[in-house]
Amino acid sequence: MKRDFLQITDFSRDELFALFALCAELKAKTKARQQHHLLKGQTLAMLFQKPSTRTRVSFEVGMYQLGGHALYLSPAEIGLGSRESVADVARVLSRFNDGIMARVFGHAIVEELAETASVPVINGLSDLTHPCQVLGDLFTACEHKGRYENFKVAYIGDGNNVTNSWMNLAALLHLDLRIACPPGYEPNMNLLEKAKAAKKSDISIYHDPFAAIRDADIVYTDVWASMGQEDEAAARKKIFAPYQVNKKLLTAAANDCIVEHCLPAHRGDEITDEVIDGAHSVVFDQAENRLHIQKAILVTLMR
Ligand code: CP
Ligand code: NVA
């Protein structure tokens with residue numbers, strides 16, 4: 001049976017640790033320039049409804065390094081749901097390819113792709129979640145801190161797709177996850193309830209960023225207006241101003257904290273230059289690890 005990766009919770013806890021082990025192995029091989037053609041001759045169709053730098057490049061380079069090939073399919077070409085139905089696109093791409101990666105607006109689109117494709121479907125970001133990102137982010141945290149669990153994580157800003165994926169992660173392993181957002185910008189309540197019901201983690205919503213960040217090991221932020229919310233950007237800039245990750249806020253976190261951001265960053269809005277370029281920041285390690293974690297995901301699903 002084929003397997004998809006739409007949410008972090010599609011993996012079990014044991015599978016998650018196996019994935020991280022494979023990621024470390026593939027990263028070491030890549031650094032040593034050792035050939036690892038585990039997907040020789042295979043192809044990945046990459047469907048994009050939104051722009052991308054990291055996701056597109058890391059999947060494309062990753063498939064090449066695994067001995068396969070990736071095809072970039074722009075929004076204009078495919079017209080998911082307008083030129084052709086989502087289901088028909090999934091059926092057709094399954095006849096040519098060994099896997100599909102999709103970046104979409106509505107999460108229902110990746111779900112429909114997964115239901116109708118006969119090959120594995122990977123969520124490369126939807127309005128609901130960004131699972132590849134947050135797995136890479138935890139792998140990065142482990143490289144710096146030597147563990148995958150028992151972190152105090154302060155997510156400061158918009159309760160968005162990245163926040164939702166942190167909550168999914170908290171359903172599988174223990175985190176003290178504190179989310180600070182303005183009232184009305186909380187993460188998805190259904191995923192919050194599910195993560196709480198798993199009883200693995202402590203998850204709290206704050207409206208005071210200073211309370212959320214106290215003694216945090218991982219300080220995380222993301223843009224205040226996600227892709228598709230551009231028309232709200234000016235209003236959000238005012239609402240989110242107290243949630244900027246700056247030097248003053250960071251003094252309340254643990255002295256040895258790491259600062260993460262999925263990028264692209266709006267410098268001077270959700271994060272200052274001083275912090276993103278400062279000693280605590282690991283944002284470019286995170287960007288690089290998108291490559292390694294996604295290669296592990298591709299091998300796990302397609303081999
Ligand atoms: N973090 C991330 O997914 O970046 P892109 O939008 O550039 O792919
Ligand atoms: N929350 C952001 C993440 C970008 C990688 C967005 O959806 O635009």
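Each ligand, and each atom within it, is numbered from 1 in the order the structure gives.
- For residues 110-121, there are no side-chain hydrogen bond (donor to acceptor under 3.5 Å, both in side chains) pairs, not counting sequence neighbours.
- Using modelled atom types and a 3.5 Å distance limit, the side chains of Asn123 and Thr129 yield a donor-acceptor pair.
- Using bins of under 30°, 30° to 60° and over 60° for the plane-to-plane angle, the ring pair Tyr185/Phe240 lands in the perpendicular bin.
- Side-chain contact, Thr30 with Lys295: a donor N or O sits under 3.5 Å from an acceptor N or O.
- Taking the ring-ring contact (aromatic ring centres under 6.0 Å, His included) definition, one finds that Tyr148 meets it with Phe17, Phe20, sequence neighbours left out.
- Remark: the Asn289 side chain and the Glu143 side chain contain an N/O donor-acceptor pair separated by less than 3.5 Å.
- Protein residues with a heavy atom closer than 4.0 Å to ligand 1 are Ser52, Thr53, Arg54, Thr55, Arg103, His130, Gln133, Cys262, Leu263, Arg290, listed by chain and number.
- Here the shortest heavy-atom pairing between Arg3 and Pro120 reads O-CB, 3.0 Å.
- Side-chain contact, Asp222 with His130: no donor N or O sits under 3.5 Å from an acceptor N or O.
- In this structure, a donor-acceptor pair under 3.5 Å is present between the side chains of Gln294 and Ser58.
- Sorted by chain and number, the heavy-atom contacts of ligand 2 below 4.0 Å come from Leu125, His130, Asn160, Asn161, Asp222, Val223, Ser226, Met227, Leu263.
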